[in-house]
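The following block contains the structure, expressed as C-alpha cells.
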Amino acid sequence: KAGVSANCELPESIIHKENENMKYDYLVVGAGLFGAAFAQMAKEKGKRVLVIDKRSHIAGNIYTEDVGGIAVHRYGAHIFHTDDEEVWQYANRFATFNRFTNAPLAKYQDRLYHMPFNMNTFYAMWGVTKPNEAREIIERQRKEITGEPQNLEEQAISLVGRDIYEALVRGYSEKQWGRPCRELPAFIIRRLPVRFTYDNNYFNDRYQGIPDAGYTAMVEKMLDGIEVRLNVDFLQHRAELTEIADKIVYTGPIDQYYDQCFGALNYRSLRFETQDLPVQDYQGNAVINDTNADVPYTRVIEHKHFAYGQADVLNLPHTVVTYEYPADWKQGDEPYYPVNDAKNGALYEQYRQKAAGERNVIFGGRLGQYRYLDMDDTLRAAIGPSIGKCCFETDSDVADAFFALLDPAMDERIEKRGDKYHIDLKAINRLWLLRAGIDPSRIDVHPDCTKCHPERYWSHRAMGDRRGGMAAMICLTEDAL
C-alpha cells in the first residue's frame with residue numbers, strides 16, 4: 001500500500017526536522033473518513049499532507065476486513081447515505097457503490113417488526129392495513145403527551161404512541177445509552193423516521209449504498225499518494241509532531257487534546273462479539289435489532305447481506321455475524337457515542353471556546369466535534385444581518401411566546417427593560433441550530449443590526465413604509481483549507 005507505513009516510531013528525520021522541506025502544510029491526526037477526505041482535498045489543492053493514526057489500520061470506524069470473502073464491518077454496521085449530490089459524486093470517485101437499502105428489523109419477545117416505523121410495523125403491531133387506521137391509533141396515544149417533549153420517553157410517545165415505544169424503543173434505547181429513557185434528552189430520536197406507507201427503507205436520502213470492495217479500499221484510494229503513518233499516537237509525540245506541520249487537523253477526542261483541563265467528556269462504548277458460522281445464511285437480513293430489555297446486546301449484524309447483488313458472496317457456505325453490546329465508557333476504552341446531555345454539553349462548550357482561539361488547529365469528526373456524525377455530515381449554517389437585541393423591542397405577549405417555546409432561563413437572550421422586552425433573535429436562531437445538531441464551530445452569526453445601519457440594510461423599524469429587498473450569499477474562501 002503505497003504511502004502507508006506501519007512504523008510504531010517516528011522517523012528521526014521528521015523528529016529533528018533536518019530538512020526544512022520536510023515540513024508539511026497539514027498534519028492530519030486520524031485516518032478515518034473525515035481525516036481522509038480532508039487530506040485528499042488538501043492534496044488536490046497542492047498541499048503537503050501527513051496522516052497519522054494510532055491504530056494499525058486506516059479507515060477509522062468504517063474499517064472493513066476480509067473474512068473468508070466477506071467484508072466485515074469491524075466496528076459496527078455503516079451504510080453510506082446522503083441527499084447531497086456533490087457528496088455522492090465525491091464518494092463515487094473512490095468507490096463503486098452497490099444498491100444496498102437499509103431495512104433493519106426489530107425483535108421484541110418472539111416477533112419481528114419492520115424498521116423504520118411504517119405500515120408493515122403497524123400491521124404487525126395492531127393488525128391495521130390502512131394509513132388512516134394507524135394514524136387514529138397513534139394520534140389517540142400521542143395525546144398522552146402535552147406540550148414540548150422533555151425527554152426521550154415523551155418524544156417517542158409523541159411520535160409513535162405508547163405501544164410502539166414500549167415494544168420497540170424503550171428497551172433498545174436504555175441498553176444503548178445505559179440510562180432510563182426519562183433521563184435521556186428528547187433530540188436523540190427527533191429524526192426517527194415514521195411513515196404511513198409500506199416502505200421499509202430506513203433512510204429518506206436520495207443516495208444510499210455500500211462500496212462493493214468495502215470501506216477500507218475506498219479510504220485507501222482517498223489516501224493514494226499521501227504519506228500515512230500508522231501506530232503513531234499524536235498525544236505521545238505531540239511536541240515533535242506539532243513542529244513538522246503548519247496546521248493540525250485533529251479528529252481525536254477534543255478533551256484529550258487539552259489534557260482534560262476542564263474535566264473528561266463522557267461517551268458510550270461498544271463491545272463486538274464476532275462469529276464465523278458454517279451456515280450459508282444465519283438470519284436473512286443485514287441488521288436485526290433486539291429491543292428486549294433482558295437481552296444484553298442491541299443488534300445482530302450478518303455482514304454478507306451488505307454485499308447486495310454479489311452472488312459469489314451471498315452463496316458462500318459460511319457467514320459472519322456480529323453481536324453488538326453497549327458498554328459504559330471509562331478512560332482507555334474506545335469512545336463511540338458522545339453523551340449529549342446538559343452536563344456534557346456545557347463541558348464541551350468550554351472546550352469549543354478554547355478551541356476557537358486556536359489559529360493552527362482544526363477540530364473535526366465525531367470526537368473532535370463531540371457529536372455523532374452521519375458519514376455525509378457537511379452542514380454549515382450562517383445567520384445573516386437582522387435586527388439586533390439592541391433594537392428588537394416587544395411587549396410581554398411576544399416575550400411570553402418565546403419563553404413558552406424555549407425555557408424560562410433565557411435572561412441573556414430575552415431581557416426586560418422597563419415595561420418592554422428586548423429579544424436576541426440571532427442567539428435564539430443559533431440555539432435552534434445547535435439543538436438540530438449543527439456543530440457550533442460551523443455556525444456563523446453576522447453581527448450587524450439592520451436598524452442600526454439603515455445606510456446598509458432595509459429596516460421596517462428604521463424606515464417605516466419604505467420597502468426594499470436584500471440578498472445574502474454564503475461561500476467558502478479559497479484559503480478555507
Side-chain angles (χ1 to χ4, degrees), residues 59 61-81 95-125 167-169 171-172 175-176 193 195 197-203 205 207-218 270-326 375:
N61 282 0
I62 63 171
Y63 175 71
T64 50
E65 59 183 341
D66 185 282
V67 178
I70 300 170
V72 173
H73 297 216
R74 182 190 286 186
Y75 303 101
H78 289 86
I79 298 94
F80 192 95
H81 61 99
T96 299
F97 284 80
N98 64 23
R99 290 183 57 248
F100 177 82
T101 298
N102 191 27
L105 295 166
K107 182 180 181 182
Y108 178 65
Q109 295 177 349
D110 293 323
R111 300 193 65 182
L112 291 174
Y113 298 87
H114 285 279
M115 300 286 285
F117 306 137
N118 64 71
M119 285 305 301
N120 289 305
T121 317
F122 307 144
Y123 174 74
M125 181 70 64
L168 303 180
V169 176
Y172 184 93
K175 288 190 291 185
Q176 184 77 0
R195 303 193 187 101
T197 60
Y198 290 89
D199 180 4
N200 295 323
N201 183 359
Y202 193 84
F203 301 118
D205 296 311
Y207 304 109
Q208 179 177 182
I210 292 175
D212 280 334
Y215 286 109
T216 304
M218 172 182 167
L270 294 171
R271 178 173 64 85
F272 302 99
E273 182 182 291
T274 299
Q275 302 174 7
D276 192 340
L277 303 177
V279 295
Q280 183 173 327
D281 195 341
Y282 177 70
Q283 65 183 17
N285 203 55
V287 179
I288 297 182
N289 296 344
D290 197 303
T291 66
N292 295 287
D294 59 345
V295 174
Y297 53 83
T298 51
R299 59 180 178 174
V300 182
I301 302 163
E302 186 169 9
H303 299 270
K304 67 164 36 178
H305 290 294
F306 293 130
Y308 180 91
Q310 295 177 250
D312 57 330
V313 176
L314 296 173
N315 292 331
L316 287 170
H318 76 111
T319 192
V320 179
V321 298
T322 297
Y323 292 81
E324 188 173 301
Y325 296 82
M375 284 184 282

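FYI, the numbering just counts along the sequence from 1.
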Leu105 side, atom CG; Asp290 side, atom CG - distance, nearest 0.5 Å = 12.0 Å

Gap between atom CZ of Phe272 and atom OH of Tyr75 - 0.5 Å precision = 9.0 Å

So do the side chains of His318 and Pro278 get within less than 4.5 Å of each other, counting heavy atoms only?
-> no

Will you find, in the side chains of Asp294 and Asn292, an N or O donor that is under 3.5 Å from an N or O acceptor?
-> no

Would you say the side chain of Thr274 lies within less than 4.5 Å of the side chain of Val320, judging by non-hydrogen atoms?
-> yes

Closest contact, heavy atoms only, Pro116 versus Tyr202 | CD-CA, 3.4 Å

Mind running side-chain contact (heavy atoms from CB on, under 4.5 Å) on Tyr123 and Met119 for me, showing each step along the way?
-> CA-CA 6 Å; Tyr123 174 74; Met119 285 305 301; 6.0 Å; no

Drop me the distance from Asn201's CG to His114's NE2, to the nearest 0.5 angstrom.
-> 13.0 Å

Would you say the side chain of Thr291 lies within less than 4.5 Å of the side chain of Val169, judging by non-hydrogen atoms?
-> no

On the ring face of Tyr63, is Arg74 found with NZ or CZ under 6.0 Å from the centre and within 45° of the axis?
-> no

Are Thr322 and Glu273 close enough, and set up right, to give a side-chain contact (heavy atoms from CB on, under 4.5 Å), and what steps lead you there?
-> CA-CA 5 Å; Thr322 297; Glu273 182 182 291; over 6 Å; no

Under a 4.5 Å cut-off applied to non-hydrogen side-chain atoms, are Asn289 and Tyr113 in contact?
-> no

Residues Tyr323, Tyr297; criterion ring pair (Phe, Tyr, Trp, His ring centres under 6.0 Å); working and verdict | CA-CA 6 Å; Tyr323 292 81; Tyr297 53 83; 4.9 Å; yes

Hey, what do you get for CG (Asp281) to CG (Asn315), rounding to the nearest 0.5 Å?
-> 10.0 Å

To the nearest 0.5 Å, tell me how far Thr96 OG1 sits from Asp212 CG.
-> 6.0 Å

Would you check if Thr64 and Val72 make a side-chain contact, meaning some heavy-atom pair closer than 4.5 Å?
-> no

4.5 Å side-chain heavy-atom contact, Ile210 and Tyr308 = no

Do Ile301 and His73 have side-chain heavy atoms sitting under 4.5 Å apart?
-> no

Donor-acceptor contact present, side-chain Glu324 to main-chain Val300, <3.5 Å = no

For the residue pair His303 and Phe306, categorise the inter-ring angle as parallel (less than 30°), tilted (30 to 60°) or perpendicular (more than 60°).
-> perpendicular

Got Tyr108 and Leu168 here, is their nearest side-chain heavy-atom distance under 4.5 Å?
-> yes

From Met115 CE over to Ile288 CD1, what is the distance, rounded to the nearest 0.5 angstrom?
-> 12.5 Å

Hey, mind stepping through His81 and Tyr207 against ring pair (Phe, Tyr, Trp, His ring centres under 6.0 Å) and telling me if it holds?
-> CA-CA 6 Å; His81 61 99; Tyr207 304 109; over 10 Å; no

Of all heavy-atom pairs between Pro211 and Ala95, which one has the smallest distance, and what is that distance?
-> CB-CB, 3.8 Å

Can Asn118 and Asn120 be said to form a side-chain hydrogen bond (donor to acceptor under 3.5 Å, both in side chains), step by step?
-> CA-CA 5 Å; Asn118 64 71; Asn120 289 305; 3.2 Å; yes

Side chain to side chain donor-acceptor pair (under 3.5 Å) with Thr319: which of Glu302, His305, Lys304, Gln280?
-> Glu302

Residue pair Lys175, Val295: steps toward the side-chain contact (heavy atoms from CB on, under 4.5 Å) verdict = CA-CA 9 Å; Lys175 288 190 291 185; Val295 174; 4.2 Å; yes

Aromatic rings Phe80 and Phe97: how do their planes relate, parallel, tilted or perpendicular, breaks at 30° and 60°?
-> tilted

Do you know which two heavy atoms are closest between Val287 and Asn285, and how far apart they sit?
-> O-ND2, 2.9 Å

Heavy-atom pair of closest approach, residues Leu112 and Lys107 = CD2-CB, 3.7 Å

